Amino acid sequence: MTEEVEVIQTMLQQHGLVTRTQALDAGLTARQIERRVGSGRWVLAARGVYRHAATPATPLARLLAAWMAYGGMVSHRSAAALHGVDGYRLDVVDLSVTPGSGRGGRNGRKVHGVRFHQSNQLSLAKPVEREGMLVTGLARTVLDVAAVVPRRRLDRTIDAVLRDGQLRLSHLWGVLASHGRRGRPGCAALRASLEDRFGDERVPLSEWSRMVAELLAGGGLDYPAVEYRVHDARGDFVAQVDLAYPSHRVAIELDSARWHDNRESFVDDRRRRNKITVAGWDVLNFTWGDFADRPERLRSTVAQALDHAGPSRTSMG
């Protein structure tokens with residue numbers, strides 16, 4: 001039977017699984033599906049998803065069956081395992097779904113073996129495909145994991161993704177900035193872990209500049225120039241600023257106690273700032289607290305400065 005061959009081919013591509021819709025689309029009837037289940041040839045793996053009895057119920061197959069049945073995105077510990085983060089295996093099934101979507105977990109309904117996480121922020125998840133499933137992006141996955149694992153395991157998770165080069169600090173701070181809202185699970189734990197080990201005193205200025213640049217770009221602004229050299233009208237060098245929007249003549253300086261902790265630095269910084277202002281630039285100053293605790297306000301302030309300056313001003317380089 002042609003339809004039988006098509007269904008078997010589909011199952012071979014999906015770890016022995018097929019959805020009821022796929023089987024019907026291939027030409028099987030509801031009666032034929034029931035016979036296969038009744039004879040034991042097919043096993044019900046999840047709501048509307050069947051597994052061929054000749055294929056094992058592996059952890060990956062169980063996860064895929066749940067995702068095929070309920071949709072959403074693979075998230076939390078399951079996503080960490082699919083991303084290959086050290087210390088995670090497919091020993092739990094975590095799915096994130098939108099509230100009221102009609103998919104698993106609605107109105108508190110439980111589904112055996114599946115842990116549902118309702119989220120209003122799936123549009124921020126930057127999903128990737130793994131093993132045929134939509135999976136939350138790695139930075140979002142770390143944030144989600146922060147909500148469900150002990151602090152020590154979270155610390156090891158952060159160590160793993162940074163050590164392997166899968167993420168940079170800017171990605172982790174960026175996901176906090178984009179998802180930050182009061183009461184959002186995982187934000188407080190992730191922030192505490194980052195600040196304990198990678199706070200202002202341990203983040204190189206160059207890395208912090210990139211983190212702020214990515215925050216601005218992630219919020220819809222153009223990516224600013226990093227470590228930009230400002231010149232006056234005669235072409236003489238004035239100063240190098242941390243970030244800049246040259247076409248608007250808006251400079252951004254990042255203030256840290258590490259680099260500005262004595263009277264000499266205090267005086268020099270203000271003289272330098274005055275020179276930049278005299279050269280026709282607007283200078284914005286932000287602290288680590290502005291970035292870590294008030295990222296949206298930081299981005300909004302820069303946006304307002306750019307709007308005020310207007311896009312038509314010519315850069316003095």
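Quantities reported herein were computed from a predicted structural model and do not represent experimental measurements.
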Step-by-step side-chain contact (heavy atoms from CB on, under 4.5 Å) determination, His248 to Asp282: CA-CA 9 Å; His248 297 73; Asp282 296 323; over 6 Å; no

Sequence neighbours excluded, every pair satisfying salt bridge (charged side-chain N to carboxylate O under 4.0 Å, His left out) that has a member inside residues 111-120: none

Donor-acceptor pair, side chain of Gln121 and main chain of His179, under 3.5 angstrom: yes

Thr141 side chain vs Thr136 backbone, donor-acceptor pair below 3.5 Å: yes

Derivation of the side-chain contact (heavy atoms from CB on, under 4.5 Å) call for Trp67 and Leu134: CA-CA 9 Å; Trp67 180 79; Leu134 278 183; 4.2 Å; yes

Pair Arg140, Ser96: side-chain N/O donor-acceptor within cut-off below 3.5 Å: no

Residue pair Val145, Leu190: steps toward the side-chain contact (heavy atoms from CB on, under 4.5 Å) verdict: CA-CA 9 Å; Val145 163; Leu190 179 57; over 6 Å; no

Within residues 63-86 or reaching into it, pairs that qualify as salt bridge (charged side-chain N to carboxylate O under 4.0 Å, His left out) - sequence neighbours excluded: Arg77-Asp94, Asp86-Arg163

Leu138/Val85 under side-chain contact (heavy atoms from CB on, under 4.5 Å): CA gap, chis, key distance, verdict: CA-CA 9 Å; Leu138 183 53; Val85 179; 3.8 Å; yes

Given Gln9, Arg36, Gln32, the one that forms side-chain hydrogen bond (donor to acceptor under 3.5 Å, both in side chains) with Glu4: Arg36

Any residue meeting salt bridge (Lys or Arg N to Asp or Glu O under 4.0 Å) with Arg156, in chain and number order, not counting sequence neighbours: none

Exam field: side chain Ser178 to backbone Val175, donor-acceptor pair closer than 3.5 Å: yes

Side chains of Gln118 and Val97 in contact at under 4.5 Å (non-hydrogen atoms): yes

Residues forming a ring-ring contact (aromatic ring centres under 6.0 Å, His included) with Tyr245, sequence neighbours excluded: none

Any residue meeting ring-ring contact (aromatic ring centres under 6.0 Å, His included) with His117, in chain and number order, not counting sequence neighbours: His76

Pairs flagged by side-chain hydrogen bond (donor to acceptor under 3.5 Å, both in side chains) wherever residues 294-303 is involved - sequence neighbours left out: Asp290-Arg294, Glu296-Arg299, Ser300-Gln304

Face-on cation placement of Arg41 at Tyr50 ring, 6.0 Å and 45° thresholds: no

Residue pair Ser170 / Glu214, side-chain donor-acceptor N/O under 3.5 Å: yes

Single-linkage hydrophobic cluster, 4.5 Å side-chain cutoff, Leu124 and Leu172 together: no

Side-chain touch Met133/Leu60, heavy atoms, less than 4.5 angstrom: yes

Check: Val7 main-chain N/O paired with Gln22 side-chain donor or acceptor under 3.5 Å: no

Whether Arg47 side chain and Ala69 backbone form a donor-acceptor pair below 3.5 Å: yes

Aromatic ring proximity, centroids under 6.0 angstrom, Trp208 and Trp288: yes

Main-chain N/O of Arg234 paired to Asp232 side chain as donor or acceptor, under 3.5 Å: yes

